[in-house]
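Here's the structure we're looking at; comments come further down.
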Amino acid sequence: MKKICLSLFLLSATLIVYAQTGNDNVFMSSDKIFTLGGKRAKSGEYKIDGNPYSNSKNFEQVTIEGYSKNVQDLRYNAYADEMEYLNKNETYYADKIDGLTVTFPSLKKTYIVKHYTYMGNEKFGYLVLLSRKDAKYGLFKREKVELMQGEKSVNAFAKDANDYYAKEKDVYLVSKGNTYYKLPKNVDELSEDLSLDAKSVKEFAKSNKINFNKEEDLVKLFDFINK
């Protein structure tokens, strides 16, 4: 009886190990962000004009901090706020891990996964990193695409217009520790929000003709602030 029970136990353990290693929901990769369970990006059931991507529909080579060089090509879906990759001609979402950075060398753009608050709502998603990752005062860009409803036809003989994707205006966020702010309109407000030396920041902004509507100027300003 003991031998029979031991045999049954070993058989059960073998089946459990096989089920775990043979699970079709796990992509065979050393990088844990590429799992398939419940992550497939569904194709639309009806035609939608445009596309939900902030860069392009192409999958691009990326580097991911802390992971091997052998990672999947990705694209950023700004409507779903997800990174997508292909596996056997199916599109999946990469797993989100807090602090994960994904760099697209061809785009010269780095995304970082963050917990943040925007318009009073808690968010967990991708932001474009515009300052150093370890900077005291962070500068980020939020990209967003919305799904808009197409116009209805005025009569029964014409077709309704298709729904369509529309890119929203980019939103810039600044951080101090775990507190995030929407980028203020000017140097005075920025200095007050981040408790900066307003005089030195204003002098730098004036001498370098910093324009808050130009991303490259904002990057230059935050490089100065973080020195």
Side-chain angles (χ1 to χ4, degrees), residues 21-44 48-116 118 123-135 138-147 164-175 180 214-220 222-223 226:
T21 57
N23 190 343
D24 289 335
N25 289 331
V26 179
F27 182 63
M28 299 305 292
S29 170
S30 60
D31 299 319
K32 295 180 181 179
I33 63 171
F34 299 112
T35 57
L36 306 184
K39 287 289 183 179
R40 182 160 45 186
K42 296 180 180 179
S43 57
I48 302 175
D49 292 335
N51 70 73
Y53 306 104
S54 59
N55 303 307
S56 76
K57 294 189 287 186
N58 298 327
F59 291 90
E60 303 281 352
Q61 187 177 11
V62 301
T63 60
I64 302 178
E65 183 179 322
Y67 288 79
S68 73
K69 296 180 180 179
N70 184 28
V71 297
Q72 300 296 300
D73 291 348
L74 298 175
R75 65 185 178 189
Y76 178 57
N77 184 326
Y79 172 68
D81 192 19
E82 299 282 0
M83 288 290 176
E84 297 181 346
Y85 67 97
L86 280 177
N87 182 63
K88 297 179 181 178
N89 295 319
E90 293 283 359
T91 304
Y92 293 87
Y93 294 149
D95 294 336
K96 289 178 182 174
I97 301 173
D98 190 26
L100 185 79
T101 57
V102 179
T103 299
F104 291 79
S106 62
L107 303 175
K108 297 181 180 179
K109 185 181 289 189
T110 296
Y111 291 85
I112 185 168
V113 180
K114 281 286 186 180
H115 285 281
Y116 65 99
Y118 178 65
K123 303 286 186 180
F124 179 58
Y126 292 93
L127 296 172
V128 179
L129 180 62
L130 298 174
S131 58
R132 299 192 318 270
K133 186 177 180 180
D134 60 349
L139 176 64
F140 308 91
K141 179 169 66 176
R142 174 183 177 270
E143 299 175 331
K144 184 65 178 175
V145 169
E146 288 289 349
L147 180 60
Y164 61 97
Y165 291 110
K167 190 178 186 307
E168 288 188 352
K169 185 178 179 180
D170 293 332
V171 174
Y172 292 90
L173 301 174
V174 299
S175 69
Y180 287 74
K214 293 184 178 181
E215 185 173 300
E216 59 269 28
D217 283 6
L218 293 175
V219 172
K220 184 187 298 185
F222 271 76
D223 283 345
N226 281 302

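None of the values given here were measured: they were computed from a predicted structure.
Scanning all heavy atoms of the two residues, the minimum distance from S131 to L139 falls at OG-N, 2.9 Å. Between R75 and K57, the shortest heavy-atom contact is NH1-O, 2.7 Å. When all heavy atoms of P105 and V62 are compared, the closest pair comes out as CD-CA, 4.2 Å. Closest heavy-atom contact between L74 and Y85: CD2-CB, 3.6 Å. Taking both residues in full, the closest heavy atoms of D73 and F59 are given as O-CD2, 3.7 Å, listed atom of the first, atom of the second, then distance. Closest of all the heavy-atom pairs between F222 and G138 is CE2-O, 3.7 Å.
From L173, atom CG reaches atom OH of Y118 across 7.5 Å, with rounding to the nearest 0.5 Å. Interatomic distance, CG of N55 versus CD of E60, reported as 8.0 Å (0.5 Å rounding). The distance from atom OG of S54 to atom NZ of K109, rounded to the nearest 0.5 Å, is 5.0 Å. A distance of 9.5 Å separates NZ in K220 from NZ in K214, rounded to the nearest 0.5 Å. To the nearest 0.5 Å, the span separating CG on L127 from CD on E143 amounts to 9.5 Å. Note that CZ of R132 and OG1 of T110 are 14.0 Å apart. Values are rounded to the nearest 0.5 Å.
At most 12 heavy atoms of other shown residues, nucleotides or ligands fall within 6.0 angstrom of atom CD in Q61. The number of heavy atoms from other shown groups lying within 6.0 Å of NZ (K133) is above 12.
Note: Y111 and F104 have perpendicular aromatic rings, judged against thresholds of 30 and 60 degrees for the angle between ring planes. The aromatic rings of Y76 and Y126 lie perpendicular to each other, with more than 60° between the two planes, well past the 30° mark.
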Step by step, would you call E82 with K96 a side-chain contact (heavy atoms from CB on, under 4.5 Å)?
CA-CA 8 Å; E82 299 282 0; K96 289 178 182 174; 3.4 Å; yes
side-chain contact (heavy atoms from CB on, under 4.5 Å) for L147 and Y165? Distances and angles first, verdict last.
CA-CA 5 Å; L147 180 60; Y165 291 110; 4.0 Å; yes
One pair to check against side-chain hydrogen bond (donor to acceptor under 3.5 Å, both in side chains): E84 and Y53. What are the steps and the verdict?
CA-CA 10 Å; E84 297 181 346; Y53 306 104; 2.8 Å; yes
Does the side-chain contact (heavy atoms from CB on, under 4.5 Å) test come out yes or no for K114 and L129, once each step is laid out?
CA-CA 10 Å; K114 281 286 186 180; L129 180 62; over 6 Å; no
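In this structure, F140 has its ring center no closer than 6.0 Å to that of Y116.
The side-chain hydrogen bond (donor to acceptor under 3.5 Å, both in side chains) test applied to K144 returns no partner, not counting sequence neighbours. In this view, K167 and D170 satisfy the side-chain hydrogen bond (donor to acceptor under 3.5 Å, both in side chains) rule, not counting sequence neighbours. In this structure, Y164 has no ring-ring contact (aromatic ring centres under 6.0 Å, His included) partners at least two apart in sequence or on a different chain.
Counting heavy atoms from C-beta on, the side chains of I64 and L100 come closer than 4.5 Å.
A donor-acceptor contact shorter than 3.5 Å links the side chain of N77 to the backbone of Y79.
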